Asks: 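Handing you a structure now.
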Amino acid sequence: MKISKPRGTRDFLPQDTKKRRNVENILRQVVRNWGFNEIITPTFENLELFTLKSGEGIIGELYNFRDKGDREMTLRPELTAPVMRMYVNEMQAYQQPVKLFYFENCFRYERPQKGRFREFWQFGVELIGSTNAEADAEVIALATEMLRSAGIKGDLHVNNLGVIRHLLSVLEPEQQSRIMRLVDKKDDVGLDELLEEIDAPADLRMKLLELICLTGEGAIAKARDLIGNIPEIEAFQELLSILDIYGVEYTIDFGIARGLDYYTGTVFEIYAEGLGAQNQVCGGGSYQLIKLFGGGDVPSTGFGLGFDRIMEVCEIQAPDDIPVVIIAKDSTRTDALKTAIRLRPHMPVYTDLMKRNFKAQLSYANNIGSSHVIIIGEQEVEAGKVTLKNMTTGEQELLSIDEVILELGHKQ
RNA sequence: GCCGGGGUAGGGUAGCGGUUAUCCUGUAGCCCUGUGGAGGCUACGAUUCGAGUUCGAUUCUCGAUCCCGGCCCCA
């Protein structure tokens, strides 16, 4: 009976895993160098954590379950909420800002397609405690640096929601939310209908439709013309000038809304080519969730990177381990094992586990791509040495084990 | 939840209402019992699952399931 893997999950073969771990470690190193500390949160949480953040509607997309103690639980669909919960539970007294990152798997009950799986990995960063433009800029610059380090060309779009919120401030909060969601979806028809339905002032309607189309060079100036010199535009301008210092390339895009109420100001998205319909590899912004989870009035800025999508377009290959194979005869297997024990602190060592004959062992070494083999036969045992054979050149010489370590150890 | 295309040895393909076939790879053995990469031969190994039509289904029909792409959604 053959059991298939669950829908939307993947098996990672050794070479896939090696490549993923390699990229993962590259990203980790970048984030650490920017002063962020890694954390781990539980794979499952109380269901309420996520319904509190995103509403009851998301339950349909969760892997939720009732545990044996009759508690409503769910596999985590994302990590911002768990990190905020963790902060509220145990980190509120930490020196600010608190700079955290995570790399974890998440679970969503969705229909799989290109770049979308039911189990997927997110690499995320949260900077907690600062509303300053410097904080937002650091987070955005870090996101672009991470992608750059993975060899990925991303297209960064930045916005400050304060501008559009300022414009909409005369409307009911509920109407504002609906408008933001439609803007996020770029649903112009729906937006027109809604504005008609709520009978929005003609002036606001005109300005809104114009604003959300503003992108690129000069967008800030045009926004000023449209709305006036409000503090939100000033703040946006400050953020952009810091990004300029970082040398980050960006596109101003007043049409990015990210659809959710808890975003407070800065929002950004990064798209990459070659990913089909799911081309967003990064999304984030500044938000306020800590209060919602029972903490203080503490702001945060963060983003999540879709690690699987990154791997989809990442071409960085992990360096190969170079295995050393010990070849022995039946009569010298004990010596082979003892040699392996001495070599393994210094290099990856394989011994024959298949009772192969001499020739087949050599062939095996060749097939797994070993650069060197160590031959241990009666002659070598008698001499108290081993034969080191270079599989590329075919050269071989009689050496002591220490000499072998000296010869090969530094290459690993 | 919706739409389209698929599922044949471990991987890649072709085929077809009548004992399927082929390439790569793996393992075991042999040509070849202390020196590999080549080649040859032999063996092992698959029609996603279920129901229906049929004398007979891998093929046709229906359903399920999984995969791929798209819609919806995307925290």
Side-chain angles (χ1 to χ4, degrees), chain A residues 1-11 13 15 45 49-62 74 76-84 106-118 120 122 124 181 184-187 190 257-263 267 269 271 275-285 287 289 292 302-304 306 308-309 325 327-332 352-382 386-396 398:
Chain A
M1 173 90 191
K2 197 164 154 181
I3 311 280
S4 60
K5 65 183 183 299
R7 178 151 209 214
T9 63
R10 287 157 296 161
D11 291 320
L13 298 173
Q15 66 190 82
E45 295 269 2
L49 176 63
F50 300 103
T51 53
L52 202 56
K53 173 173 176 246
S54 311
E56 298 286 325
I58 56 155
I59 292 179
E61 286 154 59
L62 295 179
T74 185
R76 59 180 169 221
E78 50 107 12
L79 277 122
T80 300
V83 172
M84 292 303 116
C106 301
F107 307 85
R108 294 183 190 176
Y109 196 90
E110 294 185 291
R111 189 151 191 115
Q113 58 189 70
K114 189 175 177 69
R116 175 182 289 185
F117 305 95
R118 288 185 169 183
F120 60 98
Q122 277 202 341
R181 265 191 290 275
D184 184 46
K185 284 183 209 167
K186 313 228 180 290
D187 181 355
R258 291 196 68 70
L260 288 156
D261 292 339
Y262 54 76
Y263 283 101
V267 288
E269 298 182 344
Y271 317 97
L275 284 168
Q278 314 294 327
N279 68 339
Q280 189 185 321
V281 292
C282 178
Y287 58 89
L289 276 172
L292 187 62
F303 64 81
D308 303 284
R309 293 179 189 173
V325 179
I327 293 175
K329 302 190 67 185
D330 278 341
S331 58
T332 59
D352 175 48
L353 303 174
M354 303 298 289
K355 296 240 183 281
R356 290 189 167 102
N357 63 33
F358 190 92
K359 190 183 179 72
Q361 289 182 48
L362 202 49
S363 175
Y364 171 74
N366 190 59
N367 288 339
I368 66 168
S370 69
S371 64
H372 292 79
V373 299
I374 288 166
I375 297 170
I376 302 178
E378 282 114 10
Q379 298 154 26
E380 286 82 4
V381 172
E382 233 167 83
V386 300
T387 295
L388 177 67
K389 177 183 174 78
N390 182 321
M391 293 294 276
T392 314
T393 64
E395 287 165 11
Q396 52 188 62
L398 201 60

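Basis for what follows: all heavy atoms, side chains included, without hydrogens, waters or symmetry-related copies. What you see is a predicted model, and the numbers here were worked out from it, not measured in a lab. Order of the sequence lines sets the chain letters (A, B, ...), proteins ahead of strands, with each chain counted from 1.
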Asks: A/R258: which residues meet the side-chain hydrogen bond (donor to acceptor under 3.5 Å, both in side chains) condition with it, sequence neighbours left out?
Replies: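 Scan of A/R258 (side-chain hydrogen bond (donor to acceptor under 3.5 Å, both in side chains), adjacent residues dropped) gives A/Y263, A/E269.
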Asks: Under 4.0 Å, heavy atoms only, any strand: does A/R356 hit a base, just the sugar-phosphate, or nothing?
Replies: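 Contact class for A/R356: sugar-phosphate only.
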Asks: Return the nucleotide paired to B/U53: Watson-Crick means purine N1 to pyrimidine N3 with N6-O4 or O6-N4, wobble means G-U with N1-O2 and O6-N3, both under 3.5 Å.
Replies: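 When the pairing criteria are applied, nothing turns out to pair with B/U53, so the answer is none.
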Asks: If the C1' atom of B/G63 is compared with that of B/C23, how far apart are they to the nearest Å?
Replies: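 The answer is 35 Å between these two C1' atoms.
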Asks: Could you give the distance separating B/C30 and B/C67 at their C1' atoms, to the nearest angstrom?
Replies: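 So the two C1' atoms sit 41 Å from each other.
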Asks: Taking atom P in both B/G15 and B/C68, what distance in whole Å separates the two?
Replies: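 So the two P atoms sit 24 Å from each other.
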Asks: Taking A/Y287 as the fixed residue, which of A/L292, A/V267, A/T80 is the one that meets the side-chain contact (heavy atoms from CB on, under 4.5 Å) rule?
Replies: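 Passing option: A/T80.
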Asks: Please enumerate all residues that pass side-chain hydrogen bond (donor to acceptor under 3.5 Å, both in side chains) together with A/Y364, with sequence neighbours excluded.
Replies: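 Partners of A/Y364 by the side-chain hydrogen bond (donor to acceptor under 3.5 Å, both in side chains) criterion come out as none, since no residue qualifies.
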Asks: Check ring pair (Phe, Tyr, Trp, His ring centres under 6.0 Å) between A/Y271 and all other residues, then give those that pass, not counting sequence neighbours.
Replies: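 In terms of ring pair (Phe, Tyr, Trp, His ring centres under 6.0 Å), with neighbours along the sequence ignored, A/Y271 is linked to A/H157.
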Asks: Suppose you measure atom C1' in B/U19 against the same atom in B/U59; what distance do you get, rounded to whole Å?
Replies: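 Between the two C1' atoms, the distance is 15 Å.
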Asks: Classify every nucleotide of nucleotides 64-75 of chain B by which part a protein heavy atom approaches to under 4.0 Å, writing B for the base, S for the sugar-phosphate alone and - for neither, in 5'-to-3' order.
Replies: --SS-SBBBBBB
Asks: Indicate for each nucleotide in nucleotides 33-46 of chain B, in 5' to 3' sequence, whether protein heavy atoms under 4.0 Å reach the base (B), only the sugar-phosphate (S), or nothing (-).
Replies: -BBBB---------
Asks: Give me the distance, rounded to whole Å, that separates B/G34 from B/G29 when you measure between the P atoms they each carry.
Replies: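 The same atom, P, in both gives a distance of 15 Å.
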Asks: In whole Å, what separates the C1' atom of B/U58 from that of B/C3?
Replies: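 Going atom to atom, C1' in each nucleotide, I get 28 Å.
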Asks: Measure from CG on A/D11 to C1' on B/G11 and round the result to the nearest Å.
Replies: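 Computing the A/D11:CG to B/G11:C1' distance gives 15 Å.
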Asks: With side chains defined as the heavy atoms from C-beta onward, is the minimum distance between A/M84 and A/K53 less than 4.5 Å?
Replies: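 Sidechains of A/K53 and A/M84: no contact.
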Asks: Partner of B/A21 by Watson-Crick or G-U wobble geometry, both contacts under 3.5 Å, or none?
Replies: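 Per the H-bond distance test, B/U13.
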Asks: If we take the P atom in both B/U13 and B/U8, what is their distance in whole Å?
Replies: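 Here B/U13 and B/U8 have their P atoms 9 Å from each other.
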Asks: Under a 3.5 Å limit for both distances, which nucleotide forms a Watson-Crick or G-U wobble pair with B/U8, could you say?
Replies: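 The answer is none; no pair meets the criterion.
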Asks: Begin from the C-alpha positions of A/R111 and A/R116 and carry the test side-chain contact (heavy atoms from CB on, under 4.5 Å) through to its verdict.
Replies: CA-CA 8 Å; A/R111 189 151 191 115; A/R116 175 182 289 185; 5.8 Å; no
Asks: Please give the distance between the C1' atoms of B/G56 and B/G4 as a whole number of Å.
Replies: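 My reading of the C1' atoms in B/G56 and B/G4 gives 33 Å.
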Asks: Verify the distance criterion only: is there a donor paired with an acceptor across the side chains of A/T387 and A/Q396 at less than 3.5 Å?
Replies: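 The answer is no; no qualifying pair exists.
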Asks: Please confirm whether the backbone N or O of A/V281 pairs with a side-chain atom of A/R309, one donor and one acceptor, at under 3.5 Å?
Replies: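 No.
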Asks: Output yes when a side-chain donor or acceptor of A/E61 lies under 3.5 Å from a complementary backbone atom of A/E110, and no otherwise.
Replies: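 It does not hold such a pair.
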Asks: Return the set of residues passing ring pair (Phe, Tyr, Trp, His ring centres under 6.0 Å) with A/Y109 (not counting sequence neighbours), or none when no residue passes.
Replies: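 Residues passing ring pair (Phe, Tyr, Trp, His ring centres under 6.0 Å) with A/Y109: A/Y63.
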Asks: Could you tell me which nucleotide pairs with B/G34 by Watson-Crick or G-U wobble geometry, both distances under 3.5 Å, or answer none if nothing does?
Replies: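 In the structure as shown, B/G34 has no Watson-Crick or wobble partner.
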Asks: Give none if B/A28 has no partner; otherwise give the nucleotide forming a Watson-Crick or G-U wobble pair with it, both distances under 3.5 Å.
Replies: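 Check on B/A28: paired to B/U42, both distances under 3.5 Å.
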Asks: Give none if B/C71 has no partner; otherwise give the nucleotide forming a Watson-Crick or G-U wobble pair with it, both distances under 3.5 Å.
Replies: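 Pair assignment: B/C71 / B/G1.
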Asks: My understanding is that a pair needs two contacts under 3.5 Å, Watson-Crick or G-U wobble. By that rule, which nucleotide pairs with B/U48?
Replies: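 The base-pairing partner of B/U48, which may sit in any strand shown, is B/A64.
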